[in-house]
Asks: 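Questions regarding the structure given below will be posed in turn.
Owing to the predicted nature of the structure, the values given are computational and were not obtained by experimental measurement. Residue numbering restarts at 1 for every chain, and letters A, B, ... go by the order of the sequence lines.
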Amino acid sequence: MPEKLPSRSEDFSEWYNQLVLRAELADYAPVRGCMVVRPYGWALWENIQQALDRRFKETGHVNAAFPLFIPMSFLEKEKEHVEGFSPELAVVTHGGGEPLSEPLVVRPTSETIIGYMYAKWIQSYRDLPVLINQWGNVVRWELRTRLFLRTLEFYWQEGHTAHATEQEAIEETLRMLDVYADFAINDAAVPVIKGKKTESEKFAGAVMSTTIEAMMQDTRALQSGTSHFLGQNFARAFEIRFLDQNNQLQYVWTTSWGLSTRFIGAIIMTHGDDQGLVLPPKLAPIQVVIVPIYKNDAERSAVLETAQRLFHELQAAGLRVKLDGREEMTPGNKFYEWELRGVPVRLEIGPKDVQSGSVTLARRDRPGREGKSTVSQQGLPETIRALMNDIHRSLLERATAFREAHIFDPKDYAEFQEVVQRGWAFSWWCGRKECEAKIKEDTKATSRCIPFEQPGGSGRCIVCGEKADQKVYFARAY
RNA sequence: CGGGGUGUAGCGCAGUUGGCCAGCGCACCGCGUUUGGGACGCGGGGGUCGGCGGUUCAAGUCCGCCCACCCCGACCA
């Protein structure tokens, strides 16, 4: 039978790589750094999309689609933007067998081409705000790639909004960060910390970048979603102007915000265990798997009849259910397989259950015997709903407790350098680039965010000892 | 792009100082027996040994070049 997964403690990154492949979330494509998202992985992504899209619609956004190709000159219109992205651009120089008069960039993000269109569409304050989101793919020519975490091409959504006032654009930026945090916590059971990026970590072309940061089980940080206040930078670059109520020509204020398939990596590394994936119930492609157990034909037909009846009952109750009727595989083998693939709830139905009107329930967040219980077939959908809520709650609690146990408040820089190798440091920082750079140089840890939730007061910079009025999370990051 | 490593069946590997027909485990296909935590028997299919060139009577094995991938650094959602 398939060998065991490497354990997280012996080799976390190998655990991750093998898990992605073996759970059939994704596979390596024939192009270096590119991945194929397999049906199971895509189903997970579709559930993420639905959860987010619903929230985008609720907050007044509409979807649209912009081109994959962007004229090179567009990128060059915003100075910081082009400086940030030019090293990682894929550029198309030929089309239809002829050299192009102007190279086309495969979009690394769409601020520029959307800015160009907004300039055409926006004339008056009556046209504002523009609240558009796009689901799509982008390409960034990364040097070191990992499935889901960093690939040359990835799937995401990017929201792009334009507003009449700075205030309104900042509010939008923060509102969408809240949407991400709400999704992460309440749908993915991934606890996140909301905050601001430092100058050196912010998006190329942004005035302010905000982020949700999550801690993986190896204690590294993963930026799981970002929302940017772009000020008038792109408005000026693309002449996005409107006439206000006083007939004055003004530049709009824009925002952009994105969450990518990287989030799948966050789910894997937040909840996964040594048996495999542990998917949060609300996003799991299969929420309940039914494994029938029998020895002979008589048992087989009785068990399958019950299994099918319960399958339809659960399906009718709106649960994503799978009945695993494969004849060639033993139940034990199926248990291992569905555990590897992270299905939150497993239902075992055997002759004894048929007899007594019960089923055996196994919850994925507690592997082995410990997670098993026998429950009545009566009211099974409700029982399972309650169980899934409990699983969600316990995943979130466990991940939060893990994170809290690995956030440190080092007393001095020596201790800082030590703790940042086994967790995050939450430390005072004076705000100077040099101190931030020294940390990166000495420890490979970077500033993750300046959390909105601050202890208040002031302290001394962990590096230079100068007065500091903000505390910052520092961590090694993906 | 620098440092290190690996390329033999889908996956994991073995293959002696070069020697006849390139092997093993798992997976896969067929038949039968099995099935409450990774079943078993029998029978099968599957290979330009990463690529190109060289040395040799003879290359998976020796030499050169190239390619791909993995790990470590510089860039990053």
Asks: Do A:N333 and B:rG37 share a donor-acceptor pair, side chain to base, under 3.5 Å?
Replies: no
Asks: Could you point out which residue of A:D53, A:N133, A:N63 forms a side chain to side chain donor-acceptor pair (under 3.5 Å) with A:Q157?
Replies: A:N133
Asks: Are A:Y336 and the base of B:rG38 stacked, counting only ring centres nearer than 5.5 Å and planes tilted under 30°?
Replies: yes
Asks: For B:rG73, does OP1 or OP2 lie under 4.0 Å from any side-chain N or O of A:R144?
Replies: yes
Asks: Taking atom P in both B:rG5 and B:rC62, compute the distance separating them and give it to the nearest angstrom.
Replies: 16 Å
Asks: When all nucleic acid strands are considered with a 4.0 Å heavy-atom cut-off, which category describes A:G258: base, sugar-phosphate, or nothing?
Replies: nothing
Asks: Mind checking A:D353 for me? I need base, sugar-phosphate or nothing, with any heavy atom below 4.0 Å counting as a touch.
Replies: base
Asks: Describe, in one word, how the ring planes of A:Y473 and A:F426 are oriented to each other, choosing from parallel (under 30°), tilted (30 to 60°) and perpendicular (over 60°).
Replies: parallel
Asks: Give a yes/no on whether any side-chain N or O of A:T226 is located under 4.0 angstrom from OP1 or OP2 of B:rA77.
Replies: no
Asks: Given the C1' atoms of B:rC20 and B:rA58, what is the spacing between them in whole Å?
Replies: 11 Å
Asks: Between P on B:rU34 and CD1 on A:I293, what's the gap in Å once rounded to a whole number?
Replies: 17 Å
Asks: Pick base, sugar-phosphate or nothing for A:L259, based on heavy-atom distances below 4.0 Å to the nucleic acid.
Replies: nothing
Asks: Go through the N and O atoms of the side chain of A:T360 and the base of B:rG36, and report whether any donor-acceptor pair is under 3.5 Å.
Replies: yes
Asks: Can you measure A:E337 atom CD to B:rA27 atom C1' for me and round it to whole angstrom units?
Replies: 13 Å
Asks: Considering only heavy atoms and no angle criterion, is a donor-acceptor pair shorter than 3.5 Å present between the side chain of A:K372 and the base of B:rG37?
Replies: yes
Asks: Picking from B:rG36, B:rC75, B:rA77, which would you name as closest to the side chain of A:S260?
Replies: B:rA77
Asks: Any side-chain N or O of A:K334 less than 4.0 Å from the OP1 or OP2 oxygen of B:rG36?
Replies: no
Asks: Can you tell me which nucleotide in B:rU35, B:rC75, B:rA77 comes closest to the side chain of A:Q223?
Replies: B:rA77
Asks: Closer than 4.0 angstrom, basic N to acidic O: yes or no for A:D273 and A:R398?
Replies: no
Asks: Touch check for A:S256, heavy atoms < 4.0 angstrom, all strands: base, sugar-phosphate only, or nothing?
Replies: nothing
Asks: Answer with base, sugar-phosphate or nothing: what part of the nucleic acid does A:E339 contact at a heavy-atom distance below 4.0 Å?
Replies: base
Asks: Is a donor-acceptor contact shorter than 3.5 angstrom present between the side chain of A:R369 and the base of B:rG36?
Replies: no
Asks: Parallel under 30°, tilted from 30 to 60°, perpendicular over 60°: which one fits the rings of A:Y155 and A:W42?
Replies: perpendicular
Asks: Heavy-atom nearest nucleotide on RNA chain B for A:G84 versus A:Y28: which residue maps closer to 5'?
Replies: A:Y28
Asks: Roughly how many Å apart are B:rC69 and B:rG32, using the C1' atom of each and rounding to a whole number?
Replies: 43 Å
Asks: How would you label the contact of A:R326 with the nucleic acid (heavy atoms, under 4.0 Å): base, sugar-phosphate, or nothing?
Replies: nothing
Asks: For the base of B:rA77 and the side-chain ring of A:F154, does the geometry meet a stacking cutoff of under 5.5 Å between centres and under 30° between planes?
Replies: yes
Asks: Using the P atom as the point on both nucleotides, what is the distance between B:rA59 and B:rC52, in whole Å?
Replies: 14 Å
Asks: For the C1' atoms, the ones on B:rG44 and on B:rU48, what distance do you get once it is rounded to whole angstrom?
Replies: 24 Å
Asks: Looking only at atom P, what distance separates B:rC21 and B:rC49, rounded to whole Å?
Replies: 15 Å
Asks: Out of A:F183, A:W45, A:Y478, which one pairs with A:F263 under the ring pair (Phe, Tyr, Trp, His ring centres under 6.0 Å) rule?
Replies: A:F183
Asks: Which nucleotide in the list B:rC75, B:rC71, B:rA39 gets nearest to the side chain of A:T330?
Replies: B:rA39
Asks: With sugar-phosphate meaning primed atoms plus P, OP1 and OP2, does A:P331 contact a base, only sugar-phosphate, or nothing at under 4.0 Å between heavy atoms?
Replies: base
Asks: Within this structure, what is the OG1-CE distance for the pair A:T400 and A:M215, rounded to the nearest 0.5 Å?
Replies: 11.0 Å
Asks: Record whether the side chain of A:E348 comes under 3.5 Å of the base of B:rG37 through a donor-acceptor pair of N or O atoms.
Replies: no
Asks: Using atom C1' of each nucleotide, how far apart are B:rC28 and B:rC70 to the nearest Å?
Replies: 27 Å
Asks: Please state whether the rings of A:H228 and A:F203 are parallel, tilted or perpendicular, taking 30° and 60° as the class boundaries.
Replies: parallel
Asks: What's the gap between B:rA74 and B:rG3 when it is taken at their C1' atoms, as a whole Å value?
Replies: 13 Å
